[in-house]
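Only one structure is covered here, and it is reproduced in the block below.
As a basis for the values below, the full set of heavy atoms in this structure was taken, side chains included, without hydrogen atoms, waters or symmetry mates. Below, chains carry the letters A, B, ... as their sequence lines are ordered, and counting in each starts from 1.
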Amino acid sequence: MQITLPDGSIRAFDGPVTGADIAGSIGPGLLKAAVAIEVNGTEQDLSVVITADSSVKILTVRDEAGLDVMRHTLAAQVLARATRELYPGSKLAIGPTIKNGFYYDVEFDAPISTEDLPAIEKRMKDIIAEKNPITLRMLSREDAIALFTERNEPYKVDIIERTEGQDEFQIYFQDNTDFVDLCRGPHLANLGQAGAFKLTKVAGAYWRGDSKNKMLTRIYGTAFGDRKTLKKHLNALAEAEKRDHRVLGKQLGLIMFHDYAPGAPFFLPKGEILYHELSEAMRTLLLGKGGYQAVRTPQLFDAKLWKTSGHWDHYADNMFSFGDDEPQAEVSDSGIMGLKPMNCPCHMLVFGSQKRSYRELPLRICDQGVLHRNELRGALGGLTRVRQFCQDDAHLFVTEEQIESEVTDLLALVGTVYSAFDMEFKAKLSTRPEKKLGSDDLWDRAEAALQNALEANNLPFELKEGDGAFYGPKIDFDVVDAIGREWQCATIQLDYQLPARFDLKYVTADNELATPVVIHRAIFGSLERFIAILIEHYAGAFPTWMAPEQVRVLTVSEKSFSHGESVKQRLEAAGLRVHLDTRADKIGFKIREAHKDKIPWMAIVGEQEMENDSVALRLRTDLRGKGIPEKPSVDQFLELVQETAKRPF
RNA sequence: GCCGAGGUAGCUCAGUGGUAGAGCAGCUGAUUCGUAAUCAGCAGGUCGUCGGUUCAAGUCCGAUUCUCGGCUCCA
């Protein structure tokens, strides 16, 4: 029997072999490190017997797949056993792996909290120290159900009962113990191979993710092959925590929230500058040669609009509306008004307000209108999940032939904007879902147009089949921030349904009536959320063009006040945002504060600078090492700052 | 909306039924200083809100609200 290894070499065995046999034949070191084996592309336990010619790969924790096996074992064998032993009445549900770790859902008799984690962790370490071998056995459906019924594990029984087309189930026994688990596997051959881990948090989670079901307790953990990598990961988490936009937003005086307006951010003077700069930069990019026209549209509409658009049937739960519980209110024809959750219906009304010619297409309407969505209470958080926000929204009314070139332009626009923030991004193409409107022929053309546009821009993309909206396919973008996290921001969605619902028409070159296609698109996504991403991306140290305070002039002593005032005035005259710090404190103290406020340019003025009309620069960390002179003249300095204060798009 | 954890000075937090605290920030005064914290004094609170238990509640109980971690939702 022949076993092919990843390097192409072939090893012959006389009869059936296990993964462990193969690993051992290659070397004792590998046997020790081996955690599982991939046989013809399928991960299996080392103990599984291979009976036919196969190509295999021995997995160790160095492989992502091997690491996954280890995490899985930590969840299913170690964490599960520890909770069963520490909390005898607990019932195990499922324990899969996730990015960087694992979790296990457990039903406890009494709630547990983060404070209980160290004890569980301690028990887990003891369990690992036992280095018990794990043995796989296949049980028939009946035997498996009987086993878990007897062990009072209703969730395991439920899983088995719901699994169709399978007669045998994989049951893992931990030798020398009473512990048994139903699991897809594979698992480590013995627990001694478990690497470094840490339990991180507890949270609630519904059984099978359905809110009608019982709420279980989910215990999260993170795990890596060795202690060093775990520590690195924990450090990365700490770094992310330090950058948390809610913390920085408060520290830097950018935003606030109030109990009286849950889910609705206040932008304080400094935050408002960020907001304004972003909003204006986008608006300027789109208007004029960008080919867009901006509109401003109402907040509050008669429910008739939402009935036409379909929101009343599909989105009413997320809408703020009033009038329906106040019969005398007579607020409108239908007696019900709703705050807009999206701009699209408004733009349909704008398009439909006059006779349109094919010569007007593509008609591009942009709108940074305020939107309200009644998000669930528990879903609110910082600037990323809000009830009131603005999108850099636009709707393009196009003919079908124009889709491809419009989308091509949009993709270039996305690139322009993200590269201005030094952000990489990834595109995802979502195609027709099962429940969809429109013919297959229509979807074929629409999907092809999007794909062609992506290819024309040389953009690699991930295909997400079936993930499109029922009204059309879409391209979504994930941006990657400075510490490697991904955020979904931009979206480009084709819509064949909405213009039809509003009965929109334009006159074609042949003097006939046709319905336009609508492209919904946003690049930042929501301004609020994008600001949150930028705060974390830059760790609050914004590039000069959007920094709320671009320059702080620091006086060394009273003697240089007049020079400080003059520097400030000359910079302000050039439209820069400048503050002068004349407090009677030492220069070291003022510098420290300016650093904490993440001001890009700190200009120190003392008697020397006064004499030769210069400033002495102290640069924010990210501006150092760029050949910026330390003691420029005021004119030179002005030029330097102006250069970096230009909007990058 | 559901499960869990929280809410004490502007901020970060301590305070296990018996006189509400610290550091930073603030204010006042002194210091006029050259690249990440000058010194001293003062002031600052309905302990999220409402109700209950108790001789006595920041502390115990109930409700409510907001925040946080997840789940769910995201036409």
Side-chain angles (χ1 to χ4, degrees), chain A residues 98 103 105-108 110-117 200-220 241 244 246-247 250-253 256-264 306 309-319 341-342 344-345 373-382 384-385 433 435 437 469-472 488 491 493 495 497-498 501 520 525-526 554-561 582-597 599 602-610 615-621 630-631:
Chain A
I98 49 176
Y103 67 78
D105 284 347
V106 184
E107 184 190 326
F108 287 99
I112 68 159
S113 76
T114 331
E115 282 154 32
D116 300 307
L117 292 182
T200 48
K201 56 193 168 195
V202 293
Y206 300 107
W207 170 235
R208 310 187 74 86
D210 187 336
S211 57
K212 288 197 265 308
N213 288 335
K214 187 157 193 156
M215 174 72 74
L216 307 174
T217 302
R218 177 169 297 179
I219 301 175
Y220 284 90
E241 210 171 311
D244 188 319
R246 291 166 301 195
V247 176
K250 190 183 249 183
Q251 266 170 22
L252 298 174
M256 63 169 261
F257 289 88
H258 196 279
D259 284 5
Y260 290 170
W306 309 115
S309 68
H311 286 86
W312 208 249
D313 290 334
H314 299 285
Y315 205 66
D317 284 350
N318 280 294
M319 282 180 63
M342 300 179 194
C344 14
R373 294 184 187 176
N374 194 1
E375 300 291 346
L376 293 176
R377 210 175 275 290
L380 300 178
T384 52
R385 288 303 269 176
K435 278 176 75 179
L437 287 177
F470 72 84
Y471 49 75
Q488 193 185 310
T491 184
Q493 305 190 5
D495 191 341
Q497 301 307 322
L498 200 57
R501 291 189 78 114
H520 306 255
S526 106
L554 314 172
T555 53
V556 174
S557 78
E558 244 169 25
K559 301 187 192 88
S560 49
F561 278 15
T582 56
R583 289 176 303 173
D585 285 296
K586 296 211 281 196
I587 194 68
F589 176 79
K590 296 187 190 182
I591 286 171
R592 178 184 147 81
E593 292 218 320
H595 269 295
K596 286 205 306 189
D597 292 342
I599 316 294
M602 290 164 263
I604 290 137
V605 293
E607 291 178 88
Q608 289 168 40
E609 289 72 29
M610 186 145 84
V615 296
L617 292 185
R618 165 90 187 193
L619 298 171
R620 195 173 64 190
T621 324
E630 283 176 24
K631 291 180 179 268

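Here the nucleotide nearest the side chain of A:E375, chosen from B:rC11, B:rC33, B:rC73, is B:rC73. With B:rG34, B:rC73, B:rA75 as the candidates, the nucleotide lying closest to the side chain of A:N318 is B:rC73.
In this entry B:rG58 has no Watson-Crick or G-U wobble partner, no candidate having both defining distances under 3.5 Å.
Every side-chain hydrogen bond (donor to acceptor under 3.5 Å, both in side chains) that A:Q493 has, sequence neighbours left out, goes to A:Y471, A:T491. In this structure A:H314 satisfies the side-chain hydrogen bond (donor to acceptor under 3.5 Å, both in side chains) test with no other residue, sequence neighbours excluded. By the side-chain contact (heavy atoms from CB on, under 4.5 Å) test, A:Y220 pairs with A:I98, A:Y103, A:T200, A:K201, A:A203, A:R218, sequence neighbours left out. A search for side-chain hydrogen bond (donor to acceptor under 3.5 Å, both in side chains) contacts involving A:D597 returns A:R552, not counting sequence neighbours. Every residue meeting the side-chain contact (heavy atoms from CB on, under 4.5 Å) condition with A:Q251, not counting sequence neighbours, appears here in chain and number order: A:V247, A:L248. With sequence neighbours excluded, the residues that form a side-chain contact (heavy atoms from CB on, under 4.5 Å) with A:L380 are A:P262, A:E375, A:R387. Residues satisfying the ring-ring contact (aromatic ring centres under 6.0 Å, His included) criterion with A:F257, sequence neighbours excluded, are absent altogether. Take A:K559 and apply the side-chain contact (heavy atoms from CB on, under 4.5 Å) test, not counting sequence neighbours, and it matches A:S557, A:E607. Applying the ring-ring contact (aromatic ring centres under 6.0 Å, His included) criterion to A:F108, with sequence neighbours excluded, gives A:Y87.
A:R385 comes within 4.0 angstrom of a base, heavy atoms only. Residue contacts shown for A:S309 include a base, since a base heavy atom lies under 4.0 Å away. Across all strands shown, A:Q251 has no heavy atoms under 4.0 Å from either base or sugar-phosphate atoms.
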Please write out each protein N/O paired with an N/O of nucleotides 49-51 of chain B under 3.5 Å, distance rounded to 0.1 Å.
none

Each nucleotide of nucleotides 64-69 of chain B classed B (base within 4.0 Å of a protein heavy atom), S (only sugar-phosphate) or -, in 5' to 3' order, makes --SSSB

Sugar-phosphate means primed atoms, P, OP1 and OP2; the rest is base. With that split, encode nucleotides 35-40 of chain B 5' to 3' as B, S or - using protein heavy atoms under 4.0 Å.
BBBB--

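Between A:K559 and the phosphate of B:rC33, there is a side-chain N or O to OP1/OP2 separation shorter than 4.0 Å.
If you measure from atom CZ of A:F470 to atom P of B:rC74, you get 12 Å, rounded to the nearest angstrom.
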